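Here is the structure we will look at.
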There are 2 protein chains.
Amino acid sequence: MTEEVASRSSSVQSVDRALDVLEALARAGKPVGVGELSELTGLPQGTAHRLLQSLQQRGYVRRDAARKYSVGTSAMRLADAAQRSLARSSRPFLAELVTLSGETANLAVLEGDDIVYVAQVSSPHTLRMFAEVGRHVPPHSTAVGKVLLAAMPRERALAVLRRTGLPARTPATITDLDAFVAELDLVAAQGWAADEEEQESGIRCVAVPVLGSGPPVAAMSLSGPADRFAGGRTEGLVAGMQRVAAVFAAG
Amino acid sequence: MTEEVASRSSSVQSVDRALDVLEALARAGKPVGVGELSELTGLPQGTAHRLLQSLQQRGYVRRDAARKYSVGTSAMRLADAAQRSLARSSRPFLAELVTLSGETANLAVLEGDDIVYVAQVSSPHTLRMFAEVGRHVPPHSTAVGKVLLAAMPRERALAVLRRTGLPARTPATITDLDAFVAELDLVAAQGWAADEEEQESGIRCVAVPVLGSGPPVAAMSLSGPADRFAGGRTEGLVAGMQRVAAVFAAG
DNA sequence: TCCGTGATTCCACATCGTGGAAGATTTCTT
DNA sequence: AAGAAATCTTCCACGATGTGGAATCACGGA
């Protein structure tokens with residue numbers, strides 16, 4: 001009866017299915033009933049129902065008055081831990097990037113509609129930080145933001161941009177939506193993004209996604225003064241960054 | 001061999017245990033090895049290891065170079081969905097609070113160190129909103145922030161306050177740490193919090209936690225002009241708010 | 001290099017989850 | 001309102017799936 005083989009090594013069936021359920025709910029983006037969920041996941045209704053029960057008891061799933069289910073708040077507690085752990089465990093890799101480049105390395109995630117810097121290792125010869133850990137910035141003016149927006153379904157990226165707008169942070173900030181969408185296409189195609197003094201004058205930035213299972217939730221960046229951090233160096237750095245990001249993602 | 005009986009109704013054992021594993025990792029706050037995790041959860045090592053494998057394959061758990069495990073980034077994707085769902089499904093309840101009070105109702109969560117308003121239903125006779133949805137504000141100057149800080153382990157609340165500081169938003173903002181800790185004690189004891197023009201002059205606010213399984217991650221508040229929204233009304237409102245919050249939490 | 005600690009794998013067993021189908025609800029129709 | 005349709009929930013005998021004690025293996029320290 002096993003239609004799909006677990007891609008590799010062992011995995012506990014019911015756990016895997018419970019995660020399928022959660023992810024289906026997350027993807028649906030609206031409350032769904034047992035029947036619909038059973039179709040979305042390919043699970044028999046009875047099974048889907050039982051898994052929902054288990055998840056609901058722990059607060060990972062909510063059931064509304066119409067008996068439709070959606071992702072519950074317990075997930076938020078886990079996300080908090082995930083973010084801390086991400087910040088902690090990325091530091092050695094960020095440090096490696098600093099060694100590689102001599103510039104400041106950051107790890108950022110998209111939280112709601114903002115980019116949040118969760119970790120940073122600063123360059124030895126940086127006098128001033130341009131973004132502190134914990135800082136929230138709009139996604140369109142940063143390299144990490146471009147990387148994460150480019151990786152999500154275009155429709156969702158546009159929804160984010162609609163909410164945040166494209167405020168100018170510097171004269172170089174891309175404030176035209178069509179131009180920005182073109183930029184996203186470029187970023188999606190090449191797999192990395194640049195920020196050419198678009199967030200802060202005199203600061204350049206390059207970012208790559210941290211690719212794990214599913215769409216990326218984090219991106220690594222290097223940033224430094226525009227005069228030092230210029231042109232030709234970029235290509236070489238990107239390769240190194242992708243390597244480090246891949247090793248980090250692989251764990 | 002069943003030492004603990006599931007408090008009520010059915011639940012899938014391996015799913016329950018997988019959630020135990022995730023929550024233990026979240027609680028630990030640092031990477032832990034299989035052995036330690038097995039102690040934390042009471043699961044045999046082999047079992048703990050197998051569950052970790054399943055979770056890791058899906059990105060809900062990370063394994064670092066030292067084979068220590070922590071919560072993975074997939075949890076963040078779920079949290080995003082959870083927040084949207086929370087915003088959506090709370091609206092009817094917020095509306096009920098508006099009907100009950102005539103004032104503006106909000107739902108807020110703690111995201112990182114900030115309070116974020118995720119949903120709002122505004123009072124019919126409000127000319128101006130004092131907090132828009134999506135807005136980030138420091139926790140110490142809001143009723144919702146007090147409620148959520150009061151509910152977390154005091155040590156963690158203090159860590160948050162250390163990072164955010166206690167900046168004055170108005171002359172009434174509590175800027176003294178000892179005074180604020182006393183306020184948290186009060187809030188924890190009475191189960192609700194007030195904001196007496198501490199976030200914005202002329203605006204009062206009352207908040208109650210949304211209690212689900214585990215510590216609350218969200219709080220509901222009512223806010224309005226200080227002159228209209230005063231003194232004696234508070235007690236009556238709090239009871240109603242707690243009722244609505246309980247119904248909402250119960251699903 | 002040689003231990004010791006702790007992570008991983010193994011496998012016979014039986015527990016636990018499974019899913020089809022029956023039984024309740026709720027919701028839509030007439 | 002009453003019936004019908006759709007959907008959710010519960011049930012239970014079966015056996016596939018997960019279990020966990022013990023053996024093996026990998027790492028890191030001395």
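Here the structure is a predicted model, which means the values were calculated and not measured. As a basis for the values below, the full set of heavy atoms in this structure was taken, side chains included, without hydrogen atoms, waters or symmetry mates.
To the nearest angstrom, P of dT17(D) lies 16 Å from CG of Leu51(B). Atom-to-atom, CG of Leu52(A) to C1' of dT10(D) comes out at 15 Å; the value is rounded to the nearest Å. When the P atom of dT26(C) is taken as reference, atom NZ of Lys68(A) falls 15 Å away, rounded to whole Å. Rounding to whole angstrom units, CG of residue Asp64(A) and C1' of dT26(C) are separated by 14 Å. One interatomic measurement links the two molecules: OH of Tyr69(A) to C1' of dT7(D), which rounds to 11 Å at whole-angstrom precision.
Of the side-chain N and O atoms in Ser14(B), one or more sit less than 4.0 angstrom from OP1 or OP2 of dG17(C). At the phosphate of dG19(C), OP1 or OP2 sits under 4.0 Å from a side-chain N or O atom of Thr47(A). Between Arg17(A) and dT18(C) there is a side-chain N or O to OP1 or OP2 distance below 4.0 Å.
Atoms CZ and CG, from Arg91(A) and Leu86(A) in turn, are 10.5 Å apart once rounded to the nearest 0.5 Å. For the atom pair Gln83(B) CD and Leu78(B) CG, the distance stands at 13.0 Å (nearest 0.5 Å).
A 6.0 Å sphere centred on CZ of Arg156(A) holds no more than 12 heavy atoms belonging to other residues, nucleotides or ligands.
A salt bridge is absent between Arg162(B) and Glu155(B); no separation between the charged side-chain nitrogens and carboxylate oxygens falls under 4.0 Å. Taking a cutoff of 4.0 Å between a charged side-chain nitrogen and a carboxylate oxygen, Asp20(A) and Arg58(B) qualify as a salt bridge.
Counting only N and O atoms by type, the side chains of Ser223(B) and Thr104(B) include no donor and acceptor under 3.5 Å apart. When only modelled atom types and interatomic distance are considered, Ser74(A) and Arg77(A) share a side-chain donor-acceptor pair under 3.5 Å.
The side chain of His49(B) sits closest to dT9(C) out of dT9(C), dT10(D), dG19(C). Nearest to the side-chain atoms of Arg67(A) among the listed nucleotides dT26(C), dT19(D), dG17(C) stands dT26(C).
For the pair Arg62(B) and Phe248(A), the cation-pi test (distance below 6.0 Å, angle within 45°) is passed.
A donor N or O paired with an acceptor N or O is found under 3.5 Å between the base of dG20(D) and the side-chain atoms of Arg50(B).
Here the side chain of Ser38(A) pairs a donor or acceptor atom with the backbone of Leu43(A) at under 3.5 angstrom. Proximity of a side-chain donor or acceptor of Ser54(B) to a complementary backbone N or O of Val15(A) within less than 3.5 Å is not detected. Checked by atom type and distance alone, the side chain of Gln120(A) never pairs as donor or acceptor with a backbone atom of Ser122(A) at under 3.5 Å.
Nearest approach of Pro31(A) to Ser70(A), heavy atoms of both residues: CA-CB, 4.4 Å.
Shown for residues 30-46 of chain A: residues whose heavy atoms fall under 4.0 angstrom of DNA chain C, namely Pro44(A).
End-to-end axis angle of the helix from dT1(C)-dA30(D) to dT30(C)-dA1(D), from C1' rotation axes over five pairs per end: 50° (rounded to 10 degrees).
The nearest heavy atom of DNA chain D to Ala66(A) and to Val15(A) marks one nucleotide each, and the one closer to the 5' end goes with Ala66(A).
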Might you list the N or O atoms of the protein lying below 3.5 Å from N or O atoms in nucleotides 14-16 of chain D, with each pair's distance?
none

